[in-house]
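Here's the structure, in structure tokens; my notes come after.
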Amino acid sequence: MAPFFLLLVTVFLIPTGTAIWLSFFAADQPGLGFGPERTVFVGLRSYVAVLSDPTFLNGLGTVVLYCLIYIPLMVLGALVLALLLDSGVAKLRSWAQMSLYLPHAVPGIIAALIWLYLYTPGLSPIIDLFAKADIQINFLGIHTVLPSIVNIALWSNLGYNMVIFYAALQAVPREVLEASVVDGAGPVKQAVRIKTPLVRGAIVTVGIFTLIWALQLFTEPVLLSQSTPMISARFSPSMYIYDAAFTRNNYGLAAAASVILLAFTIALSYGVTRWTNRKAA
């Protein structure tokens with residue numbers, strides 16, 4: 001257990017403690033801003049500033065909406081693919097698994113750049129194809145930019161979660177499946193009534209990890225913001241933190257926003273875990 005706790009302290013507890021410490025301080029310049037800059041204790045001022053900033057609250061609302069769209073599609077899509085592979089319906093199963101998993105091997109920045117090319121008018125062959133059919137579509141418009149980001153995330157991570165579900169399905173006792181066939185269960189009923197409840201632990205795990213990852217939305221909107229004004233510099237909480245630290249040089253504000261995002265993530269993860277445990281009971 002020692003390596004785990006060493007990594008936990010090094011990459012999580014120490015940075016978290018540092019962020020909490022920084023959030024109580026801010027840079028101050030006395031003498032109407034002409035004096036030497038000094039770091040002063042400001043208490044909860046940075047937290048109040050973050051929570052009263054409409055751009056941060058809007059970013060938090062955006063990422064919650066993103067989670068409501070992305071997480072059900074991710075979990076359900078990966079589970080359906082895994083059930084299809086496990087049922088034997090798909091031919092060339094090993095090739096199908098590799099093809100579905102391959103996008104996850106592409107780094108997130110490269111994946112976002114690929115889709116940015118496919119979303120950009122004048123460059124995208126997809127948009128040109130729609131135009132030939134007299135269909136005008138703007139993937140980076142005000143109502144489509146969030147689904148476009150969801151699409152990139154699904155393309156990158158669907159195969160990875162499918163592998164997790166498929167591995168869990170391999171552990172389902174074969175005698176249980178054979179008994180269900182004897183009792184008259186078809187493939188669909190077997191998948192819904194037998195297999196899915198038996199891999200509930202994997203579904204909960206994937207759901208929680210997907211939630212944690214989704215709340216940190218950053219790479220895709222940062223790259224897409226180069227081609228659309230619909231994505232601002234504070235589109236998501238992670239982008240707000242980056243903007244506060246490296247654009248406005250306000251590290252206290254960035255640390256406070258980071259702690260708030262961490263607390264929000266922990267609270268949601270805890271709530272999901274309690275709800276799923278209660279449903280199981």
Side-chain angles (χ1 to χ4, degrees), residues 1 4 63-108 111 115 146-217 220 265-281:
M1 300 285 290
F4 166 77
V63 84
V64 168
L65 180 59
Y66 170 79
C67 290
L68 292 176
I69 299 173
Y70 170 65
I71 294 176
L73 290 176
M74 170 60 70
V75 175
L76 184 60
L79 181 61
V80 169
L81 288 174
L83 288 169
L84 287 172
L85 290 175
D86 185 67
S87 67
V89 174
K91 305 298 181 183
L92 301 175
R93 186 181 305 173
S94 59
W95 285 98
Q97 288 179 2
M98 185 181 70
S99 300
L100 290 168
Y101 182 80
L102 192 59
H104 184 72
V106 178
W115 283 100
L146 192 61
S148 296
I149 295 174
V150 170
N151 176 64
I152 299 174
L154 286 172
W155 182 81
S156 299
N157 300 303
L158 196 62
Y160 174 79
N161 292 312
M162 179 272 298
V163 170
I164 296 176
F165 287 143
Y166 182 75
L169 288 169
Q170 298 307 296
V172 174
R174 296 295 109 177
E175 57 270 18
V176 175
L177 300 179
E178 293 170 0
S180 67
V181 172
V182 172
D183 290 339
V188 175
K189 183 175 290 187
Q190 189 181 74
V192 174
R193 302 292 297 275
I194 306 296
K195 293 181 180 180
T196 300
L198 290 177
V199 298
R200 177 186 166 277
I203 296 174
V204 173
T205 300
V206 167
I208 291 177
F209 283 137
T210 303
L211 171 65
I212 294 172
W213 180 87
L215 290 173
Q216 302 173 39
L217 180 65
E220 293 85 357
T265 303
I266 292 175
L268 276 183
S269 301
Y270 178 75
V272 170
T273 304
R274 286 295 301 270
W275 179 75
T276 52
N277 289 339
R278 185 176 301 175
K279 294 291 287 186

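Applying the side chain to side chain contact (heavy atoms under 4.5 Å, CB included) test to Leu68 and every residue at least two apart in sequence or in another chain returns Val64. Scanning for side-chain hydrogen bond (donor to acceptor under 3.5 Å, both in side chains) contacts around Tyr101 gives an empty result, with sequence neighbours left out. Listed by chain and number, the residues in a side chain to side chain contact (heavy atoms under 4.5 Å, CB included) with Ala214 are Tyr66, Cys67, Tyr70 (sequence neighbours excluded). In this structure Gln216 satisfies the side-chain hydrogen bond (donor to acceptor under 3.5 Å, both in side chains) test with no other residue, sequence neighbours excluded. In this structure Val80 satisfies the side chain to side chain contact (heavy atoms under 4.5 Å, CB included) test together with Leu76, Leu84, sequence neighbours excluded. Every residue was checked against the side-chain hydrogen bond (donor to acceptor under 3.5 Å, both in side chains) condition with Thr196, not counting sequence neighbours, and none meets it. Scored by the ring pair (Phe, Tyr, Trp, His ring centres under 6.0 Å) test, Trp275 finds no partners at all (sequence neighbours excluded). Applying the side chain to side chain contact (heavy atoms under 4.5 Å, CB included) criterion to Val192, with sequence neighbours excluded, gives Val188.
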Donor-acceptor list for residues 265-272 side chains, cut-off 3.5 Å, not counting sequence neighbours:
unit_1, atom_1, unit_2, atom_2, d
Thr265, OG1, Leu261, O, 2.8
Ser269, OG, Thr265, O, 2.8
Tyr270, OH, Arg274, NH1, 2.7

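Sorted by first and then second residue, the salt bridge (Lys or Arg N to Asp or Glu O under 4.0 Å) pairs involving residues 156-179 (not counting sequence neighbours) form an empty list. Sequence neighbours left out, not one pair with a member in residues 173-192 passes ring pair (Phe, Tyr, Trp, His ring centres under 6.0 Å). Under the ring pair (Phe, Tyr, Trp, His ring centres under 6.0 Å) criterion, no residue pair touches residues 164-210, with sequence neighbours excluded.
One finds the CZ atom of Arg200 at 9.5 Å from the OG1 atom of Thr205 (value rounded to the nearest 0.5 Å). To the nearest 0.5 angstrom, Ile194 atom CD1 is 8.5 Å from Asp183 atom CG. The distance from the OG atom of Ser87 to the NZ atom of Lys195 is 5.5 Å, given to the nearest 0.5 Å. A distance of 10.5 Å separates CG in Asp86 from CG in Leu79, rounded to the nearest 0.5 Å. Here CG of Leu102 is found 11.0 Å from OG of Ser156. Values are rounded to the nearest 0.5 Å. Atom CG in Leu154 sits 10.0 Å away from atom CG in Asn161 (nearest 0.5 Å).
Nearest heavy-atom pair across Gln190 and Ser180 is NE2-OG, 2.9 Å. Minimum interatomic distance between Ala96 and Leu85 (heavy atoms only, all atoms of both residues): CB-CD2, 3.9 Å.
Between Val75 and Ile203 the shortest side-chain heavy-atom distance falls below 4.5 Å. Contact check for His104 versus Val163: no side-chain heavy atoms found under the 4.5 Å cut-off.
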Checklist entry - Would Leu83 and Leu169 satisfy side-chain contact (heavy atoms from CB on, under 4.5 Å), going step by step from the backbone distance to the final call? => result CA-CA 8 Å; Leu83 288 169; Leu169 288 169; 3.9 Å; yes
